[in-house]
Amino acid sequence: MDWITTVDHKKIAILYLWAGGLFFGIGGLEAILIRIQLIKPMNDFLDAQTFNELITMHGTTMIFLGVMPVIFALMNAVIPLQIGARDVAFPFLNALGFWTFLFGGILLNLSWIMGGAPDAGWTSYAPLSSSTYSTTHGVDFYTIGLQIAGLGTLIGGINFLATIITMRAPGMSYMRMPMFAWTTFITSAIILFAFPAITVGLVLLTFDRILGANFFEVGGGGSPVLWQHIFWIFGHPEVYILILPAFGIISEVIPTFSRKRLFGYSSMVFATILIAFLGFMVWAHHMFTTGLGPVANALFSVSTMLIAVPTGIKIFNWLFTMWGGQVRFTTPNLFAAGFIPTFTMGGVTGVMLASAPADFQFHDTYFVVAHFHYVIVGGLVLGLFAGLHYWWPKMFGRMLSESLGKWTFWTFIIGFHMTFFVQHFLGLMGMQRRVFTYLPNQQFDLLNLVSTIGAFLMGVGMIIFLINIYLTSRKPADASNDPWEDGRTLEWTIPSPPPEYNFKQTPLVRGIDAFWKEKTAGHTAMTPAEPVGSIHMPSATAIPFVMSVGIFIAGLGFMFSRDEFGNALMSFLFNNYIVTAIGLLITFGAMLIRSLYDDHGWHIEPEELEGR
Amino acid sequence: MMKTWQAVKRLLPMMSVFALILAGCGREDLSVLRPQGPVAESSLGLIKLSIMIMIVVLLIVFAIAAYVMIKFRRKPNQTEIPEQVEGNFKLEILWTVIPLILVVVLAIPTVKQVFAAGNDHSNDKNAIKVKVTGHQYWWEFEYGDYGVITAQDLVIPTGKDIAFELITKDVLHSFWVPSLSGKIDTNPAGTINRFSFSAQKEGVYRGKCAELCGPSHGFMEFKVKAVSNEEFEKWIESRKAPAVLPEDPALAKTFKDQCLQCHAVGDQGIANAPDLTGIGSREAIAGILINDDTREDGAPIEENLKTWLHDPQSVKPGNLMPNPKDLGLSDVEIDSIAEYLANYKLD
Ligand code: HEM
Ligand SMILES: [Cu+2]
């Protein structure tokens, strides 16, 4: 119950973590099934339809439901602490964002048991995703599930923007903000601009499918290429939404374990902003083979290549952060160190893909599969592992086992390179992506076998990580404030895990890496910016949960509004939009209660703070 | 300066080894790395250039990474605090400018080739014009100037530019012959794509669909058969000969009533489904059952036809052809039709 009503950012972080972990597990299982099917030519382990559902759900789940929430988990856990705040700007909305995300994800996954998962690829290109060619409810689950989950992401993004703009501790100017706070800030800005595009796209596709509109239907005056534009205007920035937080994490972990401040901080900030900006300019590089014409292809080629420049700045800055430092290979830093070469490899193939005439060969082959897994798994997932190991003691008060952590790292990264390195060659040798099987004698067999073995090894790494979590959870929570000893930012100045109110007194920030600065000046704690006083706390509430349940019901009702049910009552309820209306009524009712009932929250008094 | 040159000299043998490895990768009739025509060659040129640049970048990053990770490990008794360097303006400019230069080096030939690739041959008198139509899950090729329509096998004369015009009848597909050229999507009518390529050597090249188009997307293959000019002209002529129907009148009737509802042979039937004229001379049945009497890559044609006709769904899941059994054909009839089709060759 506590978990359903919580509005505390630290608990919401943990909720995001478990939910993300769950979906990540589902997506991983799907990946393993896909790889088993491809282990040899003409395999019949899965049938073609199931395979297409698996690739669609694997991609969708991983991007929207697997890594996103883990990113949000870390942001929630860390950002308010790093900027010296007591919570996020809108705790109620924070909870709402989580619950809509969770119910959207559940809705999407219900498709497995409710008559067919989406099968048109995670990009759902029209007309394959239209009701003419995808006849189950699969794509409806996709459009409506993602719509609801996307709402949560948008809410979260806006919340972090407001939090970072308004709630930084005294003295923390923008140019003193930790890099992870910066990347969160920029990421949230991208969310704010990119998510409306997918929201609109999903509405249009829903209308095409459920109400028979013709946005993407050539016969009705629509255009399937329009879907591709809308999708990628969102989709390309989305990959930066994913990777920028990883950049932020790496920029925290490397300085800590090199005992040096981040090299070229201001160029890092500048590079982050530039990447975000360019990220919006390059969407059509996913569409070189659509036939946009040479002018568009040339422009998008060159603008895409330009992204290499700020990305390169970052990589060299990280390397030079270590230069002259005292590098310690703890588990988080192992992941960070593994991140740099691996992500660089993904980056360079990205530049290769940017060259349109070469992309005519790469596009929609395993070369692309290799490229984006190098970026998303070799970049983001390694970054998330670094972040999780790094902040685990702060979140839970317990250090993860270092030796198990190292096992996780080595099995995972070796498995990763085995799985995906060879796929570059598969693509160049003529293997298209999204094929449920392939003919023998094309010289694809051996490399596919290697790839599948690698996938299993990655699975082993994940299992070791889970074991590590389990064993750690049984140990006493005795981590110190600054368990890595070289913490540089504000989160390491307070207990692990932090008390409900985070900071008894808001700290005064006197420079970049505020805590490190105090430590080198001989202090053991931050100078407070205010006297000890009464702390205002928001009240716990189940309203966000109820609102999300309402949206969930409304979504299901709308999806099935055109169906014939064997049962007259069911048909009546669904076909007249009664179920939809009930769902919306629940949501709006909950909103009404929220607006009518004034809740001023509660206070923690100074006596209580001192008496702990 | 001397040092960099030496580094480059040291890299050269490695790069040539690498180029060799690349050249040996994959089948000649399929691999991007073993181009058989000028379009694929120029793509590979760009690919090689970009790989070289990228390998140099990787080596530099790997080298610095290895160096810092080994050299600057924390030693057991290190307690003094390392100098907190803010950054270094010159260095940061350096690694902004160098990538910028590398990008320009890659961007110039890229832009050149983008415009060269846009240079289509649809108005070229010497080019062979072919209209490609993608269907779930087969390919149709129409030689407008010759009044010939075929399916699955694209026959082209060597050395000539083929000017393609591509559309789809249903969902998006993508037309790709890796060893001859990059791919291009087939969009619904209204957004017609054009491009062209040519083959230098006679031979059969493997083509693929590269855009997810449904369950049998992976099986939506086709063959490009490059032949000499004379052979091509001969093929066109024999392709236009009137239909040859089964000799047995009962079988001919069954074939006409059931199969020619969708298929065409010569001047008979309609082309809602792959044209079957001279199917006995095809490289493959349904694009994937490769006709090969040596049984290395497939099976003899009659066997392939039987496999297909006895259960089209098990060969290509989700394809739109009804099972001949459901059309009322007996096993014997199916086998005889397979035999007839296998012997229906073009001379
Ligand atoms: C018993 C009569 C039939 C025979 C002998 C026959 C034969 C064939 C053959 C040999 C192929 C493979 C052709 C190739 O190499 O491309 C094929 C494919 C196909 N047939 Fe038929 N067919 C028959 C009836 C039909 C009918 C009635 C329809 C339409 C309702 C139909 C629709 C198709 C389609 C759509 C394909 C393409 C499948 C794919 O490759 O995705 N066929 N048929
Ligand atoms: Cu396809």
Residue pair [X] / [Y], side-chain heavy-atom distance below 4.5 Å:
| X | Y | answer |
| --- | --- | --- |
| B:Thr110 | A:Pro357 | yes |
| B:Leu30 | A:Met429 | no |
| B:Asp170 | A:Tyr133 | yes |
| A:Phe436 | B:Phe219 | yes |

I'd like to know which of [options] tops the heavy-atom pair count under 4.5 Å against chain A.
| options | answer |
| --- | --- |
| B:Phe62, B:Phe72, B:Tyr67 | B:Phe72 |
| B:Ala210, B:Gly298, B:Ser43 | B:Ala210 |
| B:Gly318, B:Pro82, B:Pro109, B:Gly218 | B:Pro82 |
| B:Leu58, B:Asp29, B:Val39 | B:Leu58 |
| B:Leu166, B:Ile192, B:Val177, B:Leu106 | B:Leu106 |
| B:Pro99, B:Pro317, B:Ser179, B:Pro215 | B:Pro215 |

Can any side-chain N or O of A:Gln432 pair as donor or acceptor with the backbone N or O of B:Cys209 at less than 3.5 Å? yes

Please indicate whether A:Phe270 has more than 12 foreign heavy atoms, meaning atoms of other residues, nucleotides or ligands, lying under 6.0 Å from its CZ. no

Going by an N to O cut-off under 4.0 Å, is there a salt bridge joining A:Asp486 and B:Arg74? yes

